[in-house]
Peer 1: 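Right, I'll just put the structure down here and ask away after.
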Amino acid sequence: MVETHHHRPTLKQQNKPFKSKHASKGSLKDAAKGRIARQSPKASPGSNVVAQSRLNRRNNAKQAQMTKRNTLVSATRVFSGVDGAPRIVAVIPLTEDVSTKNTVRALAESLDVAADDCPEDGIWRMRADRFKTSLQFRTVRYRSFYTALDACKLADYVVFVLSSSVEVDTWGDTLLRTLQAQGLPDVISVVSADTSIDPKSRPGIFKSLLSFIQYFVPTQSRIFDLHASSDRLNALRSLSESKPADVRWKEGRSTILGESTEWDSGTLKITGVVRGSPLSANRLVHLPNFGDFQISKIFSAPLPRASRSGNAPSMDVEPVVLAEPVPSSADSLVSSNDPEDFTNEQTWPTAEEMDGGVDDIQADIPDAAVGTTPKTVRRIPKGMSEYQAAWIIDEDDGEDDGEDDGEEVGEEVGEEAGVKNHSMDGLVTEVQQEDEDEEMQDMPMDEAQTDIGVGVRFEDLDMEEEEAQLNKWRNRQREEDDDLSFPDEVDTPKEIPARTRFQRFRGMRSFRTSPWDPYENLPRDYARIFQFEDFKRTERGVRRRAEQELVVVEPGVRITIHLKDVPQEAAASPAFLFSILQHEHKTSVLNFTVQRNTEYAGSVRSKDPLVLCVGARRLAVNPIYSQHTRGGGKGPNNVHKFERYLRHGVTSVATTYGPVIYGKQPCILLRESSDAEAPHLVAMGTFMNPDTTRIIAKRIILTGHPFKVHKKTATIRYMFFNPDDVHYFKPIQLHTKHGRTGHIRESLGTHGYFKAYFDGPINQMDTICMSLYKRVFPKWSSVWTQHESKQLTDGHQVSQSDAMEE
């Protein structure tokens, strides 16, 4: 029998099934496979389902339309009528050849309104009867950087005034980038009427200006030419009829643009219209450049109305008290815990003891026994009290052959005691004192000896050498490049034992998972701050109570607000008033996610003095930077690596002390330059959280050289220089740059050599590393004022201890 072979039917052609737009009843029945469509519960038994669904769609569209219309009406209701709240318009010049007064005058001419009394830098109000509203212009002088920032925070619209002949310089570019990071309301761009435009080159000029402004404000579709009457009217129509855009960080906060200010015996009286959310007299208010203040009373301040008989205004209405703070519910100005409240828990000496005023204390001490007092008391060194100098014994009578040596030893002891007393005189904690000692160890040996006055005579350099050394010290580019090439690597000093130099550092088996107690060895500043058990829940409760506040002033009401204990300088210029929510005056540890400005090429190091602009506040801060954990999480142990420099292209976390912030408010880091009117935009970001348990760990890496290698065992040198340091750091794990891990086995000799065992063969060209960690903390912040002298220049004029701190 002959066997036949059959191929598998894999090559049979299968045509694509025919698809039709209108399927037949049979095909639909086969596709349903017995399933029955569920009838709508809203449809009546005999109604047509298709007609019902069409009716529902029409009804939903109509309801959405009505909702949008009601929202628009309610949003613009506060501006309705000439007696309503005015629309605040900030006029910002971007070049030097334009005038804000002429810009407002050109806009007013479209309604035949004279604007001769409009100031170049101030407030001017105009009634727009044609559009049934009123406008309040806040003009800003050119190069008034911080005034422009505050004006744009309050404004409903921002008018950028461009020039047709002069390009925007560095100041204008920095201002636009800062305003973009801060958050802008609706923007209208105009070309000033001060400059003439050639009709032939007009299209090219406007196209170039539109392309420039769209880089910062992408929503811009056109630029209005104030030379043309139609453009002037259209620009004014855009300011008068549209709905102002909402800025997210201002939700739940009230703002007032002061039309007039008056100072009387510490009380500042500001007249303006309440904008934003209802204003409560129990909450604090913030004045830029001056701080937070309490409200004493809120009076009504209606505009005088014209009399019916003539055009003369009628008599002013008597002010009425609208709201007063309730003593039991009003917020206090306490922003931090007073260290004097913890005197029973601390063992710090009092100021009288530090100043040597202990006569009344020593009066109760009995006389010492005969023969137990020192023979001779040496001369009191500078900075020491009599009590401390009493125990410095003159050694001249002890040994005849060591007269000169004894004198030098005595001077050395006196100087060291003076340094210790100086640290106690400032009430510096043990942690802070160790930081200063570590900074001294980072200094070169000759500088360190000169600073403590040990055996080195001071030599004054000539001006050329001093200038050369100063420029070399100011140049951080080399230090930043070294830190980028060899991150966290330090050299072990030979003169000082490593166990003393790095006594505050610890080893960690795993940086990500090893436990670290967040409440150990805290600085004294942590006793002054406030910590929230559940910050999100606190914020929700504060916003809910703010909505349920009874004694408030609604938006759109013109009032005169009285503030207590305000300095007289606050009445010299137009006031910007911002209300703050409950607990936003309390100081805590603030964390911000920041990114470097791509246009700023300077070096930004941790603890460099900067100006932090967040919300309505401006703070003088010295932030420290750390790595941003992927996804923004804390990790198992909430430990994050300290970054010495803020680098480009990397999102970092900036940490500082400051008032509590609610919401995702934008933040801006500025650095003052030699020209105080044009600061540099360093970085921008967003507020993250007020986490006081976030551990920022500074890492240093001690490196050694494999002297002899035998498979997995190697003899290491140059990591330590004495056997005691080897025994001290023996429990800490080692690692190499090629990925090997190991441990110290034993010490060899007297010069710091040791034998180590690794998990794999060691390369002779490899580098042996040991990672050590310590926790670092930021510096205390303060309210930044525009008139104070700050050494925040391009030369980075910071203190010497900060410059040499790692």
Peer 1: From Ile580 CD1 over to His286 NE2, what is the distance, rounded to the nearest 0.5 angstrom?
Peer 2: 8.0 Å
Peer 1: Could you label the plane-to-plane angle of the Tyr600 and His680 rings as parallel, tilted or perpendicular, counting under 30° as parallel and over 60° as perpendicular?
Peer 2: tilted
Peer 1: Is any NZ, NE, NH1 or NH2 atom of the basic residue among Arg618 and Asp150 found under 4.0 Å from an Asp or Glu carboxylate oxygen of the other?
Peer 2: yes
Peer 1: Name the residue from Arg253, Arg617, Arg543 that meets the salt bridge (charged side-chain N to carboxylate O under 4.0 Å, His left out) definition with Glu584.
Peer 2: Arg253
Peer 1: Could you grab the distance from atom CH2 of Trp780 to atom OG1 of Thr587, nearest 0.5 Å is fine?
Peer 2: 5.0 Å
Peer 1: Please report the interatomic distance NZ(Lys250) to OG(Ser579), rounded to the nearest 0.5 Å.
Peer 2: 11.0 Å
Peer 1: Under a 4.0 Å N-O cut-off, is there an ion pair linking Asp488 with Arg644?
Peer 2: yes
Peer 1: Assign the ring pair Phe145 / Trp171 to parallel, tilted or perpendicular, where the plane angle (0 to 90°) is split at 30° and 60°.
Peer 2: perpendicular
Peer 1: Among Ser782, Pro659, Cys613, find the one that has a side-chain contact (heavy atoms from CB on, under 4.5 Å) with Leu619.
Peer 2: Pro659
Peer 1: With a 4.5 Å cut-off on side-chain heavy atoms, are Pro636 and Arg512 touching?
Peer 2: yes
Peer 1: Suppose we call two aromatic rings close when their centres sit under 6.0 Å apart. Are Phe535 and Tyr662 close by that rule?
Peer 2: yes
Peer 1: Of Asn282, Leu284, Val285, which is the lone residue that meets side-chain contact (heavy atoms from CB on, under 4.5 Å) with Gln294?
Peer 2: Leu284
Peer 1: Is the Phe687 ring parallel, tilted or perpendicular to the Phe592 ring (thresholds 30°, 60°)?
Peer 2: perpendicular
Peer 1: Nearest 0.5 angstrom please: Arg143 CZ to Leu175 CG, how far?
Peer 2: 11.0 Å
Peer 1: If I take atom CD from residue Glu539 and atom CD from residue Gln582, how far apart are they, to the nearest 0.5 angstrom?
Peer 2: 12.5 Å
Peer 1: Any chance CG of Asp491 has more than 12 other-residue heavy atoms, nucleotides or ligands included, within less than 6.0 Å?
Peer 2: no
Peer 1: Please identify each residue that fulfils salt bridge (Lys or Arg N to Asp or Glu O under 4.0 Å) with Glu569, with sequence neighbours left out.
Peer 2: none
Peer 1: For the atom pair OH (Tyr625) and CZ (Arg596), what is the distance rounded to the nearest 0.5 Å?
Peer 2: 8.5 Å
